[in-house]
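Throughout, protein chains are lettered first and strands after them, A, B, ... in sequence-line order, and every chain is numbered starting at 1.
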2 protein chains.
Amino acid sequence: MSKITIQQIADLAGVNKATVSRVINRSANISEKTREKVEAIMKEHNYVPNSIARGLAFNKTFTVGFYSDYTDKRAYANPFFYKVLQGIEEIVYNNDHMFLMMSDHVNKKSSSTFENVVSQHRVDGLIIPNTLLTEQNYDLLIKHNMPYVVTGENMLPKEGVPWVDIDNVQAGQVLTEHLIELGCRNIMIYAGGEAVARDKFLADRLKGYTEMMKRNQLDISVIEHADVLKTLNLAKKSEKSERTGITGTRPDALICCTHEQLFEILDWERGNPMLSELALATFDNFPMSKYMTHPVHFVDIDLEMMGKQAAQMLFSLMNKETDVPKSISIHTRIGN
Amino acid sequence: MSKITIQQIADLAGVNKATVSRVINRSANISEKTREKVEAIMKEHNYVPNSIARGLAFNKTFTVGFYSDYTDKRAYANPFFYKVLQGIEEIVYNNDHMFLMMSDHVNKKSSSTFENVVSQHRVDGLIIPNTLLTEQNYDLLIKHNMPYVVTGENMLPKEGVPWVDIDNVQAGQVLTEHLIELGCRNIMIYAGGEAVARDKFLADRLKGYTEMMKRNQLDISVIEHADVLKTLNLAKKSEKSERTGITGTRPDALICCTHEQLFEILDWERGNPMLSELALATFDNFPMSKYMTHPVHFVDIDLEMMGKQAAQMLFSLMNKETDVPKSISIHTRIGN
DNA sequence: ATGAAAGCGCTAACAC
DNA sequence: GTGTTAGCGCTTTCAT
């Protein structure tokens, strides 16, 4: 049932299936009369061209892929990551394509989903997070001539990798500026060490903070992973003993570069209510803020926009448009 | 490049492409010698059969669809909903299928993604949340003979709709039992009114609560939407004035049937610290619990299992297995 | 056990 | 403007 083919429509309309194909594809050289007749028959029978067969003939799939990483807490496990998907899907559907999700997974035959999708040409193009763009995956994409766009700034030492990301430098600036406007003067940032060297987005957020602090002639205070709690205790002590400690000034704000860091602080804070005078701030949307013991300032990141831009860029590449920007940075603003 | 076809492999191996097809499909009637030769050539050239062409011949797509609803806060926007996806994908990939996501969306041509996917046979089967299984969608699935499984108990007045859901009655029991074990005796539940009549899962949770309370010979106290805050104030007053109010006993626990209800209470609670003696409880995972002013008890719902079961069931249906259960209810346990 | 050829549903030359 | 025909890459009779 409902297995109606182009041939049957053609027979019903008393024309050749090529003619039907022409009206489907809005080809020129069709008389108004036959077009209308064929269209009427198609509508009457709820005929929908089989996109698999269409794909085989066109050598296209009308499908866009998205490669996701369940283990990337910064992305997929983030409650609001689905916003990115929403943005992508909107664009994908408006371009009459389908949306194929694939997560990092290796099946019995030791072939990864990603590899299969790319080598079988199951999609016409795909969006891939920077964390998953390994040298190997990159090579695969190039080898199969598969259009792609990276979400998150490209970290691979390759030229011409198209990416879309949040402008993390600007985010760092905005957040710092917000705290300054709130009256904070001794703003610390929890970032540094190897993490900053490894993750560009951390370095960028730090950079934004640093720039804004300098612009306001305030002292920069970066604390590193292992030392953060000690540092805070020290600062507290130093205030108690009337400036006899190492740190002369008492911090009044702390920027956490990731939610993980924020939670670390929050965990510690529960046992140390004295921390409550410290203004906490973080990146990424943090709508739970109002329910917390301690309000948290944050920059609102427009993930939906990020998804839209990535998809838009991908379609531009798939359509071989010229003047496609190599990368896009998205600005942020203070949340709530 | 990399556009290697079955014909080329055949040529390379000096056999007919039908022979290659036979080794691909593990068909019998193949000499060990030629099988090995062909397999070697395939491996050497990283040959992967084009699944589009394969699909056309088989009239299959090797793809499973998932219809999601961005507007359903209970599901998609739930931070932990991705667990369901993870479960589904695991099964899907292990069965060498792909995973097509579609959200509720209508494009310019006023055709919905769902409609397109089903009528074009873009997937071999699909998983659909009960909130999206409308009469119209149901008819479409039946008309196109498309295998499907519903997540969440089927609400449509149709026979034989296969579904997988959390056992909400059992969840209500478990949560209530937990509070009782904690020493609570006057446990209220925020549920009732039209919402319960509309949503089966609410009714089931209420039922579980009711049963467990009766089993322990405790008084049942159901508060309805609009009255909840008043009721709580009243109870508080009644305690203050030494049992002169309407409610003779002071509630010591409150079960919220949804996160929305919980947040409503939490919002109110911020301005009413007197509520802090009340044990709060809710359904669905609530990992933010430890960071809240007020700890929240909850039942841990194994969403990944739900996804796995749904996908498993779908494959059973697609394979036309006999003895496929009509529905599956998944038990829960207290979280953290 | 293997080859030849038809066909899955559609598109795209090429004729007329 | 419309019909004919040859593919797209693979599976599956039907021969041999």
(message) Is any side-chain heavy atom of A/Phe66 closer than 4.5 Å to one of A/Ile88?
(response)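 In short, these two side chains touch, coming nearer than 4.5 Å.
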(request) Measure the shortest side-chain to side-chain distance between B/Val92 and B/Phe315 over non-hydrogen atoms and say whether it is less than 4.5 angstrom. (result) yes
(message) Please check: side-chain N/O of B/Asn130 versus main-chain N/O of B/Glu153, any donor-acceptor pairing under 3.5 Å?
(response) yes
(message) Would the distance check show the side chain of A/Asn95 and the main-chain N or O of A/His97 forming a donor-acceptor pair, the cut-off being under 3.5 Å?
(response) no
How long is the line joining [atom1] of [X] and [atom2] of [N], in whole Å?
X	N	atom1	atom2	answer
B/Ile30	C/dG3	CD1	P	9 Å
B/Ile9	D/dG9	CD1	C1'	13 Å
B/Ile52	C/dG9	CD1	P	15 Å
B/Glu36	C/dA1	CD	P	15 Å
B/Met42	D/dG9	CE	C1'	15 Å
A/Ile4	C/dC8	CD1	C1'	16 Å
B/Arg122	C/dC10	CZ	P	13 Å
B/Lys60	D/dT12	NZ	P	12 Å

(request) Please test A/Arg122 against B/Thr63 for side-chain hydrogen bond (donor to acceptor under 3.5 Å, both in side chains), starting from the C-alpha separation and ending with a verdict. (result) CA-CA 10 Å; A/Arg122 289 286 290 248; B/Thr63 303; 2.6 Å; yes
(message) For the NE2 atom of A/His121 and the CD1 atom of B/Ile52, what is their distance to the nearest 0.5 Å?
(response)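 Taking NE2 in A/His121 and CD1 in B/Ile52, the distance rounds to 10.5 Å.
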(message) Counting only side-chain nitrogens and oxygens, does A/Thr34 get under 4.0 Å of the OP1 or OP2 atom of D/dT2?
(response) yes
(message) For a quick test of reading the model: is some side-chain N or O of A/Tyr47 closer than 4.0 Å to OP1 or OP2 of C/dG9?
(response)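 Answer no for this pair, as no side-chain N or O of A/Tyr47 is under 4.0 Å from OP1 or OP2.
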(request) Note the angle between the end axes of the helix from C/dA1-D/dT16 to C/dC16-D/dG1, five pairs defining each, rounded to 10 degrees. (result)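 The two end axes of the helix from C/dA1-D/dT16 to C/dC16-D/dG1 meet at 40°.
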(message) Would you call the rings of A/Tyr67 and A/Phe114 parallel, tilted or perpendicular, taking 30° and 60° as the class edges?
(response)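 Rings of A/Tyr67 and A/Phe114: parallel, under 30°.
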(request) May I ask you to say what A/Asn50 touches in the nucleic acid, namely base, sugar-phosphate or nothing, with a heavy-atom cut-off under 4.0 Å? (result) sugar-phosphate
(request) Using side-chain contact (heavy atoms from CB on, under 4.5 Å) as the criterion, point out the one residue from A/Leu133, A/Thr131, A/Ile127 that pairs with A/Pro129. (result) A/Thr131
(message) I need the single residue from B/Val123, B/Leu140, B/Thr113 that forms a side-chain contact (heavy atoms from CB on, under 4.5 Å) with B/Val118. Which is it?
(response) B/Leu140
Distances under 3.5 Å between nitrogen or oxygen atoms of protein and nucleotides 11-15 of chain C:
unit_1, atom_1, unit_2, atom_2, d
C/dT11, OP1, A/Asn25, OD1, 3.4
C/dT11, OP1, A/Asn25, ND2, 3.0
C/dT11, OP1, A/Arg54, NE, 2.6
C/dT11, OP2, A/Ser21, OG, 2.7
C/dA13, N6, A/Arg22, NH2, 3.2

